[in-house]
Amino acid sequence: MQELYKELLEKYGQQGWWPLLGSAPEGRYTSYHPGNYSLPDSDDDRLQVSVGAILTQNTNWLNVEKALHNLSEAGALSARGLREMKLEHLAELIRPSGYYNQKARKLKIFIQFFAGLEGRMPDREELLSLWGIGRETADSILLYAYQKSIMVIDNYTRRVFKAAGIKGYDLAYDKLRQYCEQQMPDEYRIMQEFHALLVKAGKELNK
DNA sequence: AGCCAGGCTACCG
DNA sequence: CGGTAGCATGGC
């Protein structure tokens with residue numbers, strides 16, 4: 001598995017996940033920051049990553065960018081702004097990301113939880129207890145918003161593992177996650193890069 | 001012009 | 001436990 005990581009890194013280079021709003025290169029709302037593992041470095045940016053993780057559930061990132069942009073313009077990408085936004089208005093803003101009624105509800109539930117954290121890192125079980133936060137979303141939040149070394153398993157992960165001949169690609173989520181964490185160094189920078197590379201590679205693989 | 005996207009919940013057997 | 005319908009938009 002470390003071999004696969006090295007190959008992907010050589011082939012594609014550092015990915016600079018998780019994308020954040022701001023100083024967008026041509027035509028995009030979010031930008032990447034390859035080689036900079038110190039982000040996010042503010043509470044609002046941790047919130048932004050978490051919101052993005054919820055919005056991207058089974059959804060193309062380009063659609064998520066539009067929704068994030070709308071939220072930002074409406075001042076709803078801060079804990080306070082998001083909390084004060086009416087549910088119906090929120091749903092309208094995130095419409096481009098699809099499943100907007102469900103996701104608006106998920107964001108409302110999440111923001112209440114987030115405010116209660118007062119800056120500390122949530123634990124996995126807390127996240128999983130929230131309606132709308134499943135395993136992949138919880139792990140994405142922990143890995144990319146809080147720099148916790150944990151493997152995120154998604155469809156691309158399984159797809160690339162399968163193509164690379166890595167046994168266990170079809171294990172249950174937590175089994176595969178633990179297997180990966182056991183194979184890889186316990187280092188959030190590598191976990192972030194590996195997952196981002198798997199997505200990159202997975203996109204070039206036909207289903 | 002379909003097919004698909006950085007899933008989750010509810011419910012079934 | 002594993003399997004599946006429903007949720008919804010926009011890009012390609």
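Quick note: numbers below take in every heavy atom, side chains included, and nothing from hydrogens, waters or symmetry partners. Each chain gets a letter, A, B and so on, in the order the sequences are listed, and its residues count up from 1. The shown structure was predicted, so the numbers you read here are calculated from the model rather than taken from an experiment.
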Rounding to an integer number of Å, can you tell me how far A:Lys175 NZ sits from C:dC1 C1'? 11 Å
Rounded distance in Å between the P positions of B:dG2 and C:dA8: 23 Å
Could you work out, with side chain to side chain contact (heavy atoms under 4.5 Å, CB included) as the rule, every residue matching A:Lys203, not counting sequence neighbours? A:Tyr156, A:Val199
Would the number of heavy atoms belonging to other residues, nucleotides or ligands and lying under 6.0 Å from CD of A:Gln2 be above 12? yes
What interatomic distance, in whole Å, is found between P of C:dA5 and the corresponding atom of B:dC3? 16 Å
Between A:Arg159 and B:dA5, is there a side-chain N or O to OP1/OP2 distance below 4.0 Å? yes
Strand contacts (DNA chain C) in residues 60-74 of chain A, 4.0 angstrom heavy-atom criterion: A:Leu62, A:Asn63, A:Lys66
Roughly how far apart, to the nearest Å, are C:dT4 and B:dC4 at atom P? 16 Å
Can any side-chain N or O of A:Tyr37 pair as donor or acceptor with the backbone N or O of A:Gln147 at less than 3.5 Å? no
A:Asp139 and A:Tyr173 side chains, donor-acceptor separation under 3.5 Å: yes
Between atom CD1 in A:Ile94 and atom P in C:dA8, what is the gap in whole Å? 9 Å
One character per nucleotide, please: for nucleotides 7-13 of chain B, 5' to 3', B when the base has a protein heavy atom closer than 4.0 Å, S when only the sugar-phosphate does, - otherwise. BSSS---
Using only atom types and a distance under 3.5 Å, with no angle test, would you say the side chain of A:Gln15 pairs donor to acceptor with the backbone of A:Gly13? yes
Got a donor-acceptor contact below 3.5 angstrom from the A:Lys103 side chain to the A:Ser97 backbone? yes
Which residue pairs satisfy the salt bridge (Lys or Arg N to Asp or Glu O under 4.0 Å) criterion with at least one member in residues 45-74 of chain A, sequence neighbours excluded? A:Arg28-A:Glu65, A:Asp43-A:Arg46
Apply side chain to side chain donor-acceptor pair (under 3.5 Å) to A:Gln183 and list each qualifying residue two or more places apart in sequence or on a separate chain. none
Can you give me the dot-bracket string for DNA chain B, 5' to 3', counting Watson-Crick and G-U wobble pairs with both distances under 3.5 Å, using [ ] for crossing pairs and | for partners on another strand? .||||.|||||||
To the nearest Å, how far apart are A:Asp170 CG and C:dG3 C1'? 14 Å
Side chains of A:Ser38 and A:Asp41: is there a donor and an acceptor less than 3.5 Å apart? no
All heavy atoms of A:Gln192 vs all of A:Tyr144, minimum pair found to be O-OH, 2.8 Å
Is it the case that atom NZ in A:Lys200 sees more than 12 heavy atoms from other parts of the structure closer than 6.0 Å? no
